[in-house]
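Structure first, commentary second.
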Amino acid sequence: MRTEHFYFLSSEGTKQIHGMRWIPDGEVRGVVQLVHGMSEYIARYSAFAEYLTEQGFAVTGHDHLEHGDSAAEAPCGASVHGREHAAAAPEYGYFAEKNGNRALVRDIHHVYRLMKKDYDGVPYFILGHSMGSFLTRQYICCYGNGVDGAILCGTGYHPEPEVRLALALCQVGGKLFGWHHHSRLFAWMTSGIYNKQFAPNRTSADWLSRKKENVDAYLADPKCGFTFTFNGYYTLMLTLYKINRMEYLRRMPRDLPVLFVSGAEDPVGASGKGVHRVEEQFRAIGMRDVSCILYPEDRHELLNETDKEKAWKDIVEWIRERE
């Protein structure tokens with residue numbers, strides 16, 4: 001296996017995006033594109049990616065706008081699309097001044113197109129975790145005809161009135177405090193509420209994993225756990241608003257296979273209830289191949305959990321049945 005790093009200009013127009021590839025030594029039987037979650041970065045998926053390469057899959061993914069190394073200055077001598085890039089100061093949790101939601105989805109598609117150039121003749125699957133699962137749900141509404149299957153990990157359901165209220169609060173907060181303001185209120189409304197399920201709490205991130213070492217590593221990582229700006233939360237809420245509308249979901253190709261995987265104790269998925277609610281939405285519009293696996297006792301970061309190998313194996317078996 002070999003690991004590669006690459007850079008490209010975001011569809012936002014001014015910022016560089018960092019991406020990674022994990023390529024198996026032998027024949028490539030398929031491609032898996034990974035879409036990471038909120039306040040983290042793609043290199044955290046290296047162990048899972050290496051497992052996939054052992055099964056013959058080429059793996060790719062990128063750091064979203066103002067996440068991971070997409071929020072850092074370009075390496076010495078790095079260029080974007082052949083041009084030297086003058087990087088702006090990093091600002092975690094801020095996407096774009098305009099059309100951030102569109103930029104996120106188009107950046108995912110840019111990585112898809114880059115990978116397709118080299119591996120056009122093999123099955124192509126996309127896996128999104130947490131915020132990445134929400135973006136992947138939007139992606140397959142826009143570009144679903146180009147992939148052979150989608151895996152939605154750690155996803156959840158958010159009622160439209162709740163999302164509309166959050167959008168309105170973001171607009172008010174952005175006008176009062178500025179769109180670059182990092183909102184502790186919204187941070188509490190998400191992870192703060194999630195953590196209550198596991199009280200008494202050892203840390204502020206107990207909801208992520210039942211394995212203490214995973215939680216501690218996340219909290220110690222300077223590239224993880226940052227608070228979004230009002231711009232970031234507004235962009236995320238806009239994604240949630242779109243993927244909750246049935247007329248938007250009907251853009252998905254009906255024959256696209258979809259697998260939901262989640263920890264049975266994941267608060268993002270309301271301990272499975274929210275996951276099943278989204279599954280029901282997919283079935284309601286006529287999706288023909290929808291599966292769901294909930295893992296007992298597991299929390300949000302399923303791919304890093306104590307029994308992660310079981311989830312990894314289930315995902316690969318599901319892919320192989322649809323190659």
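Values reported hereafter were calculated over all heavy atoms of this structure, with side chains retained and with hydrogens, waters and symmetry mates removed. Nothing here was measured: the structure is a model prediction, and the numbers come from that model.
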Could you check whether [X] pairs with [Y] (Lys NZ or Arg NE/NH1/NH2 to Asp/Glu carboxylate O, under 4.0 Å)?
X: K310; Y: D314; result: yes
X: K313; Y: D307; result: no
X: D206; Y: R299; result: no
X: R2; Y: E4; result: yes
X: D107; Y: K15; result: no

Side-chain heavy atoms of [X] within contact of [Y], under 4.5 Å:
X: L135; Y: H64; answer: yes
X: L52; Y: V316; answer: yes
X: L9; Y: Q16; answer: no
X: C141; Y: L249; answer: yes
X: K273; Y: Y157; answer: no
X: N214; Y: D216; answer: no
X: Y92; Y: C224; answer: no
X: S209; Y: N304; answer: no

Can you list everything that forms a side chain to side chain contact (heavy atoms under 4.5 Å, CB included) with [X]? Sequence neighbours excluded, please.
X: T227; result: H182, A187, Y233
X: E213; result: K211
X: R288; result: R254, D255

Check [X] against [Y] and note the closest heavy-atom contact, atom names and distance.
X: N101; Y: L238; result: CB-CD2, 3.9 Å
X: F226; Y: K223; result: CE2-O, 3.4 Å
X: F186; Y: A166; result: CZ-O, 3.6 Å
X: L219; Y: A205; result: CD2-CB, 3.9 Å
X: A103; Y: L65; result: CB-CD1, 4.0 Å
X: C153; Y: S133; result: O-CB, 3.7 Å

Pair F134 + H158: ring centers closer than 6.0 Å: yes

Chi angles and distances behind the side chain to side chain donor-acceptor pair (under 3.5 Å) call for N244, Q281: CA-CA 9 Å; N244 195 46; Q281 283 184 319; 3.3 Å; yes

Y7 vs D69, side chain to side chain donor-acceptor pair (under 3.5 Å): CA-CA, chis, key distance, verdict: CA-CA 10 Å; Y7 298 86; D69 288 343; 5.4 Å; no

Whether Y143 and H109 hold their rings parallel, tilted or perpendicular, with breakpoints at 30° and 60°: parallel

Mutual orientation of the aromatic rings belonging to H67 and F228 [parallel < 30°, tilted 30-60°, perpendicular > 60°]: perpendicular

Taking distance alone, no hydrogens or angles, what donor-acceptor pairs closer than 3.5 Å link side-chain atoms of residues 113-122 to residues at least two apart or in another chain?
residue, atom, partner, partner atom, Å
R113, NH2, H110, ND1, 3.4
D118, OD2, R21, NH1, 2.8
D118, OD2, R21, NH2, 3.2

Donor on one side chain, acceptor on other, [X] and [Y], under 3.5 Å:
X: D63; Y: S70; value: no
X: Y45; Y: E40; value: yes
X: R320; Y: Q55; value: yes

Verdict with supporting geometry, H129 and V35, side-chain contact (heavy atoms from CB on, under 4.5 Å): CA-CA 6 Å; H129 168 69; V35 186; over 6 Å; no

R210/E265 under salt bridge (Lys or Arg N to Asp or Glu O under 4.0 Å): CA gap, chis, key distance, verdict: CA-CA 9 Å; R210 57 183 166 131; E265 301 300 324; over 6 Å; no

Test log, rule side-chain contact (heavy atoms from CB on, under 4.5 Å), inputs E12 and E97: CA-CA 9 Å; E12 171 270 345; E97 184 177 350; over 6 Å; no

From CA spacing to verdict: ring pair (Phe, Tyr, Trp, His ring centres under 6.0 Å), Y248, Y241: CA-CA 10 Å; Y248 196 87; Y241 174 76; 9.2 Å; no

From CA spacing to verdict: ring pair (Phe, Tyr, Trp, His ring centres under 6.0 Å), Y112, Y124: CA-CA 9 Å; Y112 166 87; Y124 199 106; 4.7 Å; yes

Steps toward side chain to side chain donor-acceptor pair (under 3.5 Å) verdict (H300, S130): CA-CA 8 Å; H300 185 55; S130 192; 2.8 Å; yes

R283 and E279: CA distance, side-chain angles, deciding distance, salt bridge (Lys or Arg N to Asp or Glu O under 4.0 Å) verdict: CA-CA 6 Å; R283 295 185 186 279; E279 179 190 5; 2.9 Å; yes

Whether D148 side chain and F125 backbone form a donor-acceptor pair below 3.5 Å: no

Q33 side-chain N/O to V59 backbone N/O, donor-acceptor pair under 3.5 Å: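 Not a single qualifying donor-acceptor pair exists.
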
Side chain to side chain donor-acceptor pair (under 3.5 Å) between Q197 and S271, worked out: CA-CA 10 Å; Q197 181 175 324; S271 299; 3.2 Å; yes

Worked check of salt bridge (Lys or Arg N to Asp or Glu O under 4.0 Å) between D289 and R322: CA-CA 10 Å; D289 185 355; R322 289 156 181 84; 2.8 Å; yes

Non-neighbouring partners of H5 that pass ring-ring contact (aromatic ring centres under 6.0 Å, His included), sequence neighbours left out: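 If we apply the ring-ring contact (aromatic ring centres under 6.0 Å, His included) test to H5, skipping adjacent residues, the hits are H18.
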
R277, CZ atom: more than 12 neighbouring heavy atoms under 6.0 Å: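 Result for CZ/R277: open.
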
CD/E27: more than 12 non-hydrogen atoms of other groups inside 6.0 Å: no

side-chain contact (heavy atoms from CB on, under 4.5 Å) partner of L104, the single match among N99, L236, T235: T235

From CA spacing to verdict: side-chain contact (heavy atoms from CB on, under 4.5 Å), H276, L294: CA-CA 10 Å; H276 285 310; L294 298 179; 3.5 Å; yes

Side chain to side chain donor-acceptor pair (under 3.5 Å) contacts touching residues 166-180 (sequence neighbours left out):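 Residue pairs passing side chain to side chain donor-acceptor pair (under 3.5 Å), neighbours aside: E91-H180.
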
Verdict with supporting geometry, I151 and I126, side-chain contact (heavy atoms from CB on, under 4.5 Å): CA-CA 6 Å; I151 302 99; I126 186 167; over 6 Å; no

Residue among F57, F48, Y295 satisfying ring-ring contact (aromatic ring centres under 6.0 Å, His included) with W312: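 That would be F48.
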
